Structure formats: C-alpha cells, structure tokens
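Some notes on the structure that comes next.
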There are 2 protein chains.
Amino acid sequence: MAQEGTSASPGYPAGTAAERSECRADRDPFQWDVREDCQVRQILDRIADKWSLLVIALLDEGTLRFGELSREIDGISKRMLTVTLRNLERDGLVRRTVYPEVPPRVEYELTSLGRTLLGTTQALVTWSEEHQDEIVRAREEFEAAAH
Amino acid sequence: MAQEGTSASPGYPAGTAAERSECRADRDPFQWDVREDCQVRQILDRIADKWSLLVIALLDEGTLRFGELSREIDGISKRMLTVTLRNLERDGLVRRTVYPEVPPRVEYELTSLGRTLLGTTQALVTWSEEHQDEIVRAREEFEAAAH
DNA sequence: CCGGATCCCTAATGATACTG
DNA sequence: CAGTATCATTAGGGATCCGG
C-alpha cells in the first residue's frame with residue numbers, strides 16, 4: 001500500500017499551500033496552469049484516465065454493483081476496478097454504499113459532483129464514436145506514408 | 001521500436017473487420033461499446049492521455065514549435081513529447097510541418113479534425129478548474145474518515 | 001534546433017490466492 | 001460477493017548519446 005492509485009494516495013509534495021495559491025499566476029491570461037504539481041493537472045490525470053472515464057460513463061445509467069461494473073468493463077481486472085473506484089470515491093465523484101448482508105452487496109453511484117462531469121465525459125465518448133472512421137483513415141494514411 | 005506509443009503502432013488484433021462491424025451490437029441502446037478491442041476504447045485511451053490533453057489544449061492557441069511545447073508543458077520529457085506528438089499526428093489530430101532550414105524548424109498545429117476536439121478538452125480543463133476546491137475538500141474528508 | 005535510437009529503472013497493472 | 005495481499009510482469013518514461 002505505497003504506490004496504489006493513479007497518483008499516490010496520501011502523497012502530494014509537502015508544502016503545496018504557497019504553490020497552490022499562486023497556481024494560476026505569471027502566465028498569459030489565455031492559458032491555464034500546466035504545472036505538474038498543480039491541482040488541475042492532478043485532477044485531470046485522474047479524470048482523464050483509461051478506466052475512470054469508463055466507470056463514470058457507465059454509472060450514468062444509475063447504481064451498479066461491483067460485479068456488474070466488473071462485467072461491463074471489458075478487460076479491467078478486479079484490482080484496477082477497486083483502485084479506480086476508490087480514487088473516484090476519494091475525490092468525491094462516486095459514492096460507495098455497503099449493505100451489511102450476506103453475501104455482501106456494495107453499490108456505486110455518482111455523487112452530484114460526479115454527475116456534473118457526465119456531460120463532458122459523454123462528449124468525449126460521442127466524439128470518439130463520431131470520428132472513429134476519420135481516425136482510422138488517418139492512421140492508414142500515416143502508415144502508408146511509411147513515415 | 002517495439003513498445004512505443006500509448007498503444008502499439010501497427011498493432012490491433014488481426015481480423016478486426018468482423019468485430020468492428022458488430023461493434024455496437026447486442027447491447028442495450030443506451031450503452032456504448034466498451035469492449036477492449038473496440039475503436040472507441042482505443043481512441044479514448046489516446047485522447048484521455050496525460051500528455052495528449054495538454055498538447056491539444058496548448059495548440060488551441062495556434063501553431064507551436066517543438067521547443068515551445070516542451071517549455072510550456074511542465075514535466076514532460078523530450079521523449080514523451082515526441083511520442084505524444086507522433087501519436088496525435090498519426091491519428092490525424094495534429095499536423096507536423098518541417099521547414100528545411102538550418103537550424104531546422106518544426107511546427108505543430110491542430111488539424112480540422114483536431115480542432116473538433118477542442119471544445120471537449122477545454123470543457124474538461126474548465127471542469128477541473130471549477131471543481132478543484134470541492135475535490136480537495138472531498139479528499140480531506142475521505143482522509144479524515146480514516147477509511 | 002529537432003528529434004531518433006538505446007539503455008535502464010520504476011511505477012503501474014495483471015494473476016493468483018486468501019478472507020470477511 | 002467484494003474485496004485485500006502478494007508476487008511477477010511490463011510498459012511508461014527519464015537520461016544520454018547521436019545524426020540531420
């Protein structure tokens with residue numbers, strides 16, 4: 001338990017308070033802060049993650065159990081699903097509810113914060129669907145050009 | 001040259017034609033295809049990439065040279081910038097122009113296809129900026145709960 | 001100045017076995 | 001069922017040197 005998660009769990013450089021406050025400073029106004037230790041970068045790294053995007057998009061449909069997510073997301077391992085869900089829970093995007101039954105049941109759903117992300121993630125998915133042909137074509141051309 | 005790129009270059013399973021055609025099949029209509037070998041998943045993996053997002057967002061401002069990108073994106077190495085740019089070029093999102101001068105000059109800009117992604121990537125960045133406080137708070141609560 | 005090719009190391013991820 | 005712990009693997013990414 002020392003290198004889990006897309007980023008380390010407790011992590012972040014010690015004294016980030018000062019850095020955080022001047023986070024958006026001394027750059028031209030049209031550009032957002034791209035510094036590595038910036039909140040935005042860290043959040044982006046979590047959201048724009050291979051599995052996180054899929055989980056969020058799936059939870060659009062409503063509450064799902066661990067096993068359901070596991071089956072829906074082709075190729076994810078139990079481990080990565082756990083890690084991904086924990087990170088999302090940690091960031092307040094997903095709520096985890098344990099029902100003290102036997103056999104145990106655990107349900108996941110988007111929080112209201114998580115739901116504010118839905119539009120954007122869906123936009124990404126939609127974009128991918130709409131442009132996959134163009135991209136495939138571009139790849140073929142690129143390959144053909146024998147760069 | 002055998003393990004570069006966010007995904008392998010020539011890659012993709014051999015006979016994907018059949019799979020591709022039935023790609024969106026036998027699932028409920030409200031759900032997109034999440035299969036690992038699906039185009040959408042592969043494209044998503046490329047777009048939702050730590051560096052790709054940053055590069056695309058930066059190229060919003062216009063044409064940039066390799067060195068400029070390198071300096072703007074805090075923490076990226078020459079190598080990863082090269083790899084990222086080549087992937088984006090390969091997918092037809094970025095155009096690379098070499099000027100046969102000495103010293104050489106290479107410029108990168110979004111293609112029209114790449115520009116169709118801008119709205120979405122910016123939305124992601126904006127979302128992150130707007131909600132960073134909530135997320136930081138959620139993390140602190142989560143940590144406090146000593147889960 | 002813009003990268004390509006290599007070497008190398010660490011972090012990320014998969015597989016498996018175990019538990020409440 | 002829903003994880004956790006451990007081990008093994010590998011792919012991501014940095015450093016460096018080289019060529020155009």
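Being a predicted model, the structure only gives us computed values, none of them experimental. Note on naming: letters A, B, ... go to the chains in the order of the sequence lines (proteins, then strands), and numbering restarts at 1 for each one.
Within the 3.5 Å criterion, the main-chain N or O of B:Phe66 finds no donor-acceptor partner in the side chain of B:Ser70.
A:Ile73 has its CD1 atom 16 Å from the C1' atom of C:dG14, to the nearest Å. Counting to the nearest Å, the P atom of C:dA11 and the CG atom of A:Asp49 are 18 Å from each other. The nearest whole Å value for the distance from the CG atom in A:Leu81 to the P atom in C:dT13 is 13 Å. With rounding to whole Å, A:Met80 atom CE is found 6 Å from C:dG14 atom P. What separates NZ of A:Lys50 from C1' of D:dT10 is a distance of 13 Å, to the nearest Å. Atoms CZ (B:Arg105) and C1' (C:dG3) sit 16 Å apart, rounded to a whole Å. Distance CZ (B:Arg86) to C1' (C:dG4): 8 Å, rounded to an integer number of Å. Atom pair B:Trp51:CH2 and D:dA11:P shows a separation of 20 Å (rounding to whole Å applied).
Every residue was checked against the side-chain hydrogen bond (donor to acceptor under 3.5 Å, both in side chains) condition with A:Thr63, not counting sequence neighbours, and none meets it. Residues that satisfy the side-chain hydrogen bond (donor to acceptor under 3.5 Å, both in side chains) test with A:Trp51, not counting sequence neighbours, are absent from this structure. Listed by chain and number, the residues in a side chain to side chain contact (heavy atoms under 4.5 Å, CB included) with A:Thr121 are A:Leu53, A:Ile56, A:Leu117, A:Leu118 (sequence neighbours excluded).
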- Query: When you look at B:Ser52 and B:Ile47, which way does the side-chain contact (heavy atoms from CB on, under 4.5 Å) test go after all the steps?
  - Reply: CA-CA 6 Å; B:Ser52 298; B:Ile47 305 306; over 6 Å; no
- Message: For a quick check, with a 4.0 angstrom heavy-atom cut-off, what is the B/S/- contact string for nucleotides 15-20 of chain D, read 5' to 3'?
- Response: B-B--B
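The shortest distance between side-chain heavy atoms of A:Tyr108 and A:Arg95 does not fall below 4.5 Å. Counting heavy atoms from C-beta on, the side chains of A:Ile76 and A:Leu54 never come closer than 4.5 Å.
Between B:Arg96 and B:Glu109 there is no salt bridge, since no side-chain N of the basic residue sits under 4.0 Å from a carboxylate O of the acidic one.
In this structure, the helix from C:dC1-D:dG20 to C:dG20-D:dC1 shows an angle of 50° between the axis at its start and the axis at its end, each fitted on 5 base pairs and rounded to 10°.
Note on B:Tyr99: nothing from the nucleic acid sits closer than 4.0 angstrom, heavy atoms only.
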Side chains of residues 100-107 of chain B: which donor-acceptor pairs under 3.5 Å do they make with residues two or more places apart or in other chains?
residue, atom, partner, partner atom, Å
B:Glu101, OE1, B:Arg105, NE, 3.4
B:Glu101, OE2, B:Arg105, NH2, 2.8
B:Arg105, NH1, B:Glu107, OE2, 3.1
B:Glu107, OE1, B:Tyr99, OH, 3.4

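Mapping A:Ile76 and B:Leu85 onto DNA chain C by nearest heavy atom places B:Leu85 closer to the 5' end of the strand.
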